[in-house]
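First the structure, in the form of structure tokens, and then the observations on it.
When reading the values below, keep in mind they use all heavy atoms of this one structure, side chains included, and skip hydrogens, waters and symmetry mates. The structure displayed is predicted, hence computed values, not measured ones.
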Amino acid sequence: MRHPAVHPRTKLIIGTQVLLYIHIPYCHHRCTYCAFYSNASRSGVPDTYVDALCHEIGMRASHQPVETVYLGGGTPSLLSSQQFDKVMQALAEAFVLDGLQEFTLECNPEDLPPHQPASTLFSFLSSPVNRLSIGIQSFRDDDLRLLNRSHTGRQAIAAVEHAAAGIANISVDLIYGLPGQSLSNWQENLRIVESLPVTHLSCYSLAVEEGTILRRQITRGIVPPAGDDEALSHYHYLLEWAEQHHFHQYEVSNFCRTGYPSRHNSAYWHRTPYMGFGAGAHSFDGVRRRWNICDAARYIESLSAASPCVLFQEETLSAEDACNEVVMLGLRTVAGICKGDIPPPFLPIIQKKLRPFILNRLVIDSATHFRPTPDGLLHADGIAADIML
């Protein structure tokens, strides 16, 4: 269902606390594997975008207390200190930040000290930001060149060490199953993690998406294709390593030290309502999903009184849609699908559809949950596709 409004003022979240997502769709340049919406910008984030973002935040103000904020992208660490302060001021005027539990900032190593001494990290240290998610992807320079990343392995290590001096909760992103990446290469990445003050680890199997630079390189024979067998061996080693080094797996791609799961992302997997601001950002109120236009120029234009246009679209979920989301998201978590979250008329249907996977020991049927086994987690998306209504 398309929403005709230009400047929505309705509150999407009903409750005592809200979760906020802020999207910054700008990067230094395009990474070869990236299929997300972003804009290459050598000069940083345009002030016009920050102004539009603050305008949207103000229009949707609810003055409710906020539990988590996630500043994602793109590359939010491209924001200048002045731009970051402006966004924080807009949030403080629209919501209550006093009880904020978690404020995550996505960033890249090249935007942090010591590589960038004048980094906005210094602004972050005096702000509510208490968690960094650093997009490292690999500590090996060969991998980083393949991915067209802007940092080196040494810079990544130094960035983590410097950031941890001011922020205790550090998450790093890594990718496995890369073309030419051996098991020993992957083990090397994890050995480096062991030596760093990291509390959270997000590890993603490489997905070669349509429209990406990497897909074109593989199609033209410039880069060898990634091997499924290699990715599988990397994943199984990751599980062994995580158990040995006290990283608890709580979602198919996410591992944490005790007490350090991502509160914000965990809320997504449990279908907790949240509000999203910025071009391409999504929101969910428990019944409706809404998404802003994936075009920064049109987003800026839509928030200009002189040139109004549609800012977002939305859809109201049917009972079947809601059930499918419960199944899809639940199967990606170690806890699994809570039976109480499945609308009662659909529970016996889902149970019947899951029976082959239970017999094949990919899913465990407990009193309260359908819980994926470690192998089931690896096939979570495929299982979900087979059992959706």
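When hydrophobic clusters are built by joining Ile, Leu, Val, Met, Phe, Trp and Tyr residues whose side-chain heavy atoms come closer than 4.5 Å, directly or via intermediates, L71 is grouped together with I57. Note: the hydrophobic cluster containing Y204 does not contain V172 (ILVMFWY, side chain heavy atoms under 4.5 Å, direct or indirect links). In the hydrophobic clustering of ILVMFWY residues, with side-chain heavy atoms under 4.5 Å counting as a link, M388 and I358 come out apart. By the rule that hydrophobic residues join a cluster once side-chain heavy atoms approach within less than 4.5 Å of another member, I218 and L147 end up as members of one cluster. One hydrophobic cluster holds both Y237 and L377 under the rule that ILVMFWY side chains link at heavy-atom gaps under 4.5 Å.
In this structure, Y21 has its ring center no closer than 6.0 Å to that of Y274.
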L53 and Y299: CA distance, side-chain angles, deciding distance, side chain to side chain contact (heavy atoms under 4.5 Å, CB included) verdict: CA-CA 9 Å; L53 177 63; Y299 173 81; 3.9 Å; yes
Evaluation steps, side chain to side chain contact (heavy atoms under 4.5 Å, CB included), between T104 and T68: CA-CA 8 Å; T104 300; T68 68; over 6 Å; no
Steps toward side chain to side chain contact (heavy atoms under 4.5 Å, CB included) verdict (R215, E210): CA-CA 6 Å; R215 170 57 69 92; E210 290 288 346; 2.5 Å; yes
Pair T199-N169, side-chain hydrogen bond (donor to acceptor under 3.5 Å, both in side chains): steps then yes or no: CA-CA 6 Å; T199 56; N169 194 352; 2.6 Å; yes
Step-by-step side chain to side chain contact (heavy atoms under 4.5 Å, CB included) determination, V87 to I24: CA-CA 11 Å; V87 173; I24 306 297; 5.7 Å; no
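Between R131 and S262 there is a side-chain heavy-atom pair separated by less than 4.5 Å. The side-chain heavy atoms of L354 and I383, taken from C-beta on, include a pair separated by under 4.5 Å. At a threshold of 4.5 Å between non-hydrogen side-chain atoms, the residues I167 and L105 do not count as touching. I136 has its side chain within reach of P109: a pair of non-hydrogen atoms, C-beta onward, lies under 4.5 Å apart. Within the 4.5 Å cutoff, side-chain heavy atoms of C323 are placed close to those of I350. Contact check for H264 versus L19: side-chain heavy atoms found under the 4.5 Å cut-off. Side-chain contact between L174 and V193: present, with at least one pair of heavy atoms (C-beta onward) separated by less than 4.5 Å. With contacts defined as side-chain heavy-atom distances shorter than 4.5 Å, the pair F95/V69 does not qualify.
N254 places no side-chain N or O within 3.5 Å of a backbone atom of Y250 that could act as its donor or acceptor partner. Checked by atom type and distance alone, the side chain of E102 pairs as donor or acceptor with a backbone atom of R263 at under 3.5 Å. When atom types are taken as modelled, the side chain of R290 and the backbone of G276 share no donor-acceptor pair closer than 3.5 angstrom. Side-chain atoms of K339 come within 3.5 Å of backbone atoms of S366 as a donor-acceptor pair (strictly under, hydrogens ignored). Side-chain atoms of Y260 do not come within 3.5 Å of backbone N or O of S171 as any donor-acceptor pair. Side-chain N or O atoms of H234 include none that pairs as donor or acceptor with a backbone N or O of Y176 at under 3.5 Å. H246 places no side-chain N or O within donor-acceptor distance of the main-chain N or O of T258, the cut-off being under 3.5 Å. Proximity of a side-chain donor or acceptor of Q101 to a complementary backbone N or O of G99 within less than 3.5 Å is detected. A donor-acceptor pair under 3.5 Å links the side-chain atoms of Q181 to the main chain of G177, judged by distance alone. Using modelled atom types, one side-chain atom of N324 and one backbone atom of L389 make a donor-acceptor pair closer than 3.5 Å.
Interatomic distance, Q64 CD to L20 CG, rounded to the nearest 0.5 Å: 9.5 Å. A distance of 11.5 Å separates CD1 in I387 from CE in M328, rounded to the nearest 0.5 Å. Rounded to the nearest 0.5 angstrom, L190 CG and E240 CD are separated by 11.0 Å. Note that the CH2 atom of W269 and the CZ atom of R332 stand 8.0 Å from one another [nearest 0.5 Å]. Note: H369 NE2 to I364 CD1 = 12.5 Å, rounded to the nearest 0.5 Å. Taking NE2 of H63 as the reference point, atom CD of E93 lies at 9.0 Å (rounded to 0.5 Å).
Listed here is the closest heavy atom pair of G280 and C294: CA-SG, 3.6 Å. Heavy atoms only, all atoms of each residue included: A52 and I300 are closest at CB-CA, 4.0 Å. Counting all heavy atoms, side chain and backbone alike, I170 lies closest to P197 at CB-O, 3.8 Å. Across all non-hydrogen atoms, the minimal contact from S205 to A231 is OG-CB, 4.0 Å. Nearest heavy-atom pair across N189 and R140 is OD1-N, 3.9 Å. Nearest heavy atoms, R361 versus T373: O-OG1, 3.0 Å.
R154 has no carboxylate O lying under 4.0 Å from a charged side-chain N of D141, or vice versa, which leaves the two without a salt bridge.
Residue P374 is tested with V334, V252, L239 for a side chain to side chain contact (heavy atoms under 4.5 Å, CB included); the sole match is L239. If you run side chain to side chain contact (heavy atoms under 4.5 Å, CB included) between V50 and each of Q83, H55, Q82, only Q83 comes through.
Side-chain atoms of D321 and S318 form a donor-acceptor pair, as typed in the model, at a separation below 3.5 Å. A side-chain N or O of E56 and one of N292 form a donor-acceptor pair less than 3.5 Å apart. Of the N and O atoms on the side chains of E194 and W241, at least one donor lies less than 3.5 Å from an acceptor on the other residue. A donor and an acceptor atom, one from each side chain of Q137 and D143, are nowhere located under 3.5 Å apart. Side-chain atoms of H28 and D111 include a donor-acceptor pair closer than 3.5 Å.
At most 12 non-hydrogen atoms from other residues, nucleotides or ligands lie less than 6.0 angstrom from CZ of R371.
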